[in-house]
Amino acid sequence: MSKLGRRLFVQLGLAGFIALILLQWNKLVRNKIETNNKKSLSIPFNKNKAIDFIDDYIIINKKENITVFSAHCTHLGCKINETIDGKIVCPCHGSEYDLNGNAIKGPAYKSLEKISATISDDGSQLLING
Ligand code: FES
């Protein structure tokens, strides 16, 4: 490879790397803005499900003791929508959280964001306090 070809190869690789960093940064910032713009809302509540994924929320129901977490992974914001062997698992890079929202396997190291919520008087709705 000639000196010019090698230089061009390095420059293209560097440009690609910078583009990748900018894309990830944009995704992270956009997710943060969406999180900050949340409003109060009501979502259906199924008291018979121990773990439920609705919209942007993970609902953990331990014997009528309800905890709601943001469904966005604290690594790069992917939407989490499954549990495996009792752990909340991010589909993007495999981060795992326990049912208390604590990060137990990286790359995420922060806990899931806890969301303030209450159950409606008739027990059919979860009122998310944005
Ligand atoms: Fe969830 Fe990377 S976004 S592990």
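As the structure lists them, so they are numbered: ligands from 1, and atoms in each ligand from 1. FYI, the numbering just counts along the sequence from 1. Everything numeric here is computed off the predicted structure, so don't read it as measured data. Computation of the quantities below employed the complete heavy-atom set of this structure, encompassing side-chain atoms and omitting hydrogens, waters and symmetry-equivalent molecules.
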Once you round to the nearest 0.5 Å, how far does CG of Asp122 lie from CZ of Phe45? 11.0 Å

Find the distance between CD1 (Ile128) and CG (Leu41) and round it off to the nearest 0.5 Å.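 Reported value, rounded in 0.5 Å steps: 6.0 Å.
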
Shell of protein N/O/S atoms around atom 1 (Fe) of ligand 1, taken as anything under 2.8 Å: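 Per the 2.8 Å query on atom 1 (Fe) of ligand 1, atoms found are Cys73 SG, Cys90 SG.
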
State which residues pass side-chain hydrogen bond (donor to acceptor under 3.5 Å, both in side chains) with Lys114; sequence neighbours excluded, sorted by chain then number.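 Expected list: none.
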
Do the cysteine sulfurs of Cys90 and Cys78 sit under 2.5 angstrom from one another?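 Cystine link not detected, SG atoms outside the 2.5 Å cut.
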
Short question: side chain of Ser42, backbone of Gln125 - any donor-acceptor pair under 3.5 Å?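 Looks like no, no N/O pair under 3.5 Å.
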
Should Lys79 and Asp56 count as side-chain neighbours, where that means a heavy-atom distance under 4.5 Å? yes

